[in-house]
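Notes follow once the structure below has been shown.
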Amino acid sequence: MKKQALSVFILFVFIASFAQAQTASPATPVAAKEDCGCEVKPLPEVVAIVNGVQIKIKDVDDPISRRIQELQKQVIDARKRELELQINSKLLEAEAKKRGTTTTKIIEQEIIAKTKEPTEAEAQAFYDKNKDRISGGFNDVKKDIIEYLKAERQRAEAAQFANRLRAASDVKVIVAETTPPANEAARARVFATVNGQPITSGDVEDSLRPLIFEAQEAIYNLRKQQLDLKVNDTLLEQEALKRKITTRALMEAEITPKVKPISEADAQKFFDENKNRLNGDFVQLKPQIIQYLQQQESRRAEGAFADQLRKVATIQLFLNKPEAPSYAIATDDQPAKGSPTALVTIVEFTDFQCPSCAKSQPVLDAVTAEFGDKVRLVVRDFPLEQHAFAFKAAEAAEAAREQGKYWEYIALLFQNQSALEVANLKAYATQVGLDRKRFDEALDSGKFADKVRRDLNDGIRVGVNSTPTVFINGRVLHDKSRESLKAAIEAAIKEKSGK
């Protein structure tokens, strides 16, 4: 399930550059001289050969150049903001050390406690001013507007606090324009110092790794899709030439007869399945829906014919798929199963209110057991903000771990995801035989809240944005089926053992 918002800590470290971020549109094409540092290199000039005919990267990129530039621009803008982010992060950590407290407590005192809760009247005024751009009536969106206004006020408080910290500290910005390092040695270049502590190019790049890989994947998928179309077009042209007819005549002979006409019933079914995402009623949208479905059907028929041509063609593809980065994810003081010296470490970021996490946990447990001492499973918390009870449930799980009953306790949490209120969390503690006085004191005092927040922040740093997110020896696993999990573990064992 997807995460909808950032933690308050991340909100704070973003704030110093918030105004700058607002002025840069992600849709603005990147200037040719700017380097996003996210291109998979080397990029081949020829990306495919189809029956001896070359397809060049320029032919692939030209139709999608603007979309590629938009993705690259997002990385460039993020790199420009990242230095300010790192400065504020160090300032916050220094202030916490000075006060003898945690960064979380400071955020609560300096930002959350000082943020005035928006009133319904203020939400109504915002709605009246912006209703032309808002879907739904006021009562439908009131809660969302209040949350938005609250977040805006938190940003304002955070900005003021960040400015106070900076004014009281020794901050030196050495490099105004941060650029990607040209080589490994350039990662040591110092961009700024905070109270004498350096922030290097490598620090900036390490923080951007999840975003850079996300951009690389998106660009690769765009190119792969466009390349597939180019390959298909080339095959159609070659087949038409072989038959001594035009490509249009070939399509009319082989594709048009196989395109199923879209009926009103087909359009109605599509509307019913997607009406929550559509603006308008069926009568209004029917022509557009039929046109869209007819185009989809034509593409399906074209693809099926192209697949036939591919079976007898000689096709070489040279487009490089980006390799997922490997992250060093802390596993100290975390619930774990398996040997600490195992060849493979699985790190799972989970949310006890997430249905997908409940389904994946038995699979992870079973596969871990199947590989014995070769695999270790480590669980870290990532309660999503849209799940009202997930954070406290994560605290409760840590309180159970303190008494040696973590795995028994979280099994109850996953079995009772619709009943995770504090009273229920305490009742589950009784069910697994915990010392209730000790458990209740830990839960009521928020003893493990900072530990849960540490997991959240660490997850965000390595690109976690949904649950469950699973890493195999530091690399994210997208397909979490039993088969894919086992295949990834076997590959990691082979890589580690050199066999």
Side-chain angles (χ1 to χ4, degrees), residues 2 21 24-81 179-180 208-240 247-248 250-251 255 259 274 277 288 291-307 309-310 313 315-325 463 465 476 478-479:
K2 285 289 182 183
S25 169
T28 304
V30 56
K33 64 179 180 180
E34 291 185 281
D35 180 12
C36 72
C38 57
E39 190 64 84
V40 178
K41 297 176 181 178
L43 195 61
E45 182 184 358
V46 176
V47 289
I49 300 176
V50 181
N51 293 327
V53 175
Q54 294 183 349
I55 298 176
K56 296 186 176 182
I57 187 63
K58 183 179 183 300
D59 301 324
V60 171
D61 278 4
D62 280 352
I64 55 174
S65 60
R66 184 175 180 84
R67 293 163 72 189
I68 290 175
Q69 288 174 344
E70 288 169 1
L71 290 164
Q72 293 173 337
K73 184 72 160 59
Q74 289 175 19
V75 176
I76 289 168
D77 288 345
R79 184 176 284 106
K80 290 175 180 176
R81 297 191 298 267
T179 55
L208 292 174
R209 285 176 78 198
L211 178 63
I212 289 173
F213 180 64
E214 185 179 319
Q216 287 175 339
E217 270 200 315
I219 291 170
Y220 170 79
N221 289 332
L222 281 172
R223 284 176 170 151
K224 180 67 169 61
Q225 184 180 42
Q226 189 65 26
L227 179 57
D228 284 341
L229 293 175
K230 290 287 184 183
V231 169
N232 289 352
D233 287 346
T234 302
L235 288 170
L236 288 171
E237 290 168 5
Q238 291 176 343
E239 183 65 16
T247 304
R248 182 182 181 85
L250 176 64
M251 293 179 68
I255 297 172
V259 176
N274 298 276
R277 299 186 292 112
Q288 296 97 305
Q291 182 182 24
Y292 169 76
L293 293 177
Q294 201 67 67
Q295 289 172 345
Q296 293 292 99
E297 182 62 22
S298 295
R299 279 194 283 269
R300 184 203 61 77
E302 288 175 21
F305 182 56
D307 286 342
L309 298 177
R310 280 173 181 256
I315 302 173
Q316 297 170 278
L317 302 176
F318 308 110
L319 194 62
N320 298 320
K321 186 174 183 178
E323 183 179 355
N465 60 13
V476 70
H478 293 294
D479 182 354

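Basis for what follows: all heavy atoms, side chains included, without hydrogens, waters or symmetry-related copies.
Note that SG of C38 is 14.5 Å distant from CZ of R209, once rounded to the nearest 0.5 Å. The CZ atom of R81 sits 9.5 Å away from the CG atom of L208 when rounded to the nearest 0.5 Å. To the nearest 0.5 Å, the span separating CD on Q316 from CD on Q54 amounts to 10.0 Å. Note that the SG atom of C36 and the CG atom of D77 stand 11.5 Å from one another [nearest 0.5 Å]. The CG atom of L71 sits 9.5 Å away from atom CG of L211, with the distance rounded to the nearest 0.5 Å. Expressed to the nearest 0.5 Å, how far CG of D233 lies from CD of E302 amounts to 8.0 Å.
The salt bridge (Lys or Arg N to Asp or Glu O under 4.0 Å) check on E39 picks up R223, with sequence neighbours excluded. Partners of E237 by side chain to side chain donor-acceptor pair (under 3.5 Å), not counting sequence neighbours: none found. With sequence neighbours excluded, the residues satisfying ring-ring contact (aromatic ring centres under 6.0 Å, His included) with Y292 are F270. Scored by the side chain to side chain donor-acceptor pair (under 3.5 Å) test, Q226 finds no partners at all (sequence neighbours excluded). When the salt bridge (Lys or Arg N to Asp or Glu O under 4.0 Å) test is applied to E239, the partners found at least two apart in sequence or on another chain are R243.
The closest side-chain heavy-atom distance from L309 to N232 is not below 4.5 Å. Between P44 and I57, the closest side-chain pair of non-hydrogen atoms is not below 4.5 Å. The side-chain heavy atoms of I219 and Q72, taken from C-beta on, include a pair separated by under 4.5 Å. The closest side-chain heavy-atom distance from L319 to V60 is not below 4.5 Å.
Counting heavy atoms of neighbouring residues, nucleotides and ligands inside a 6.0 Å radius, atom CD of E217 exceeds 12 of them. Within 6.0 Å of CZ in R67 there are 12 or fewer heavy atoms belonging to other residues, nucleotides or ligands.
Residues A48 and L317 share a closest heavy-atom pair of CB-CD2, 3.7 Å. What you find for F213 and H478 is that their closest heavy atoms are CE2-NE2, 4.5 Å. Of all heavy-atom pairs between I255 and S298, the closest is CG2-O, 4.4 Å.
Applying the salt bridge (Lys or Arg N to Asp or Glu O under 4.0 Å) definition to pairs two or more places apart or across chains, those involving residues 47-58 are E45-K56, K58-D62.
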task: Begin with the C-alpha distance, continue with both residues' side-chain angles, and end with the deciding distance and a verdict on salt bridge (Lys or Arg N to Asp or Glu O under 4.0 Å) for D35 and R79.
output: CA-CA 11 Å; D35 180 12; R79 184 176 284 106; over 6 Å; no
task: Let me see the working for I49 and F318 under side-chain contact (heavy atoms from CB on, under 4.5 Å), right down to the final yes or no.
output: CA-CA 9 Å; I49 300 176; F318 308 110; 3.8 Å; yes
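A distance-only check finds no donor-acceptor pair linking the side chain of E297 to the backbone of V259 [under 3.5 Å]. The closest donor-acceptor contact from the side chain of Q238 to the backbone of V53 lies at 3.5 Å or more, if one exists at all.
Counting only N and O atoms by type, the side chains of R299 and Q296 include a donor and acceptor under 3.5 Å apart.
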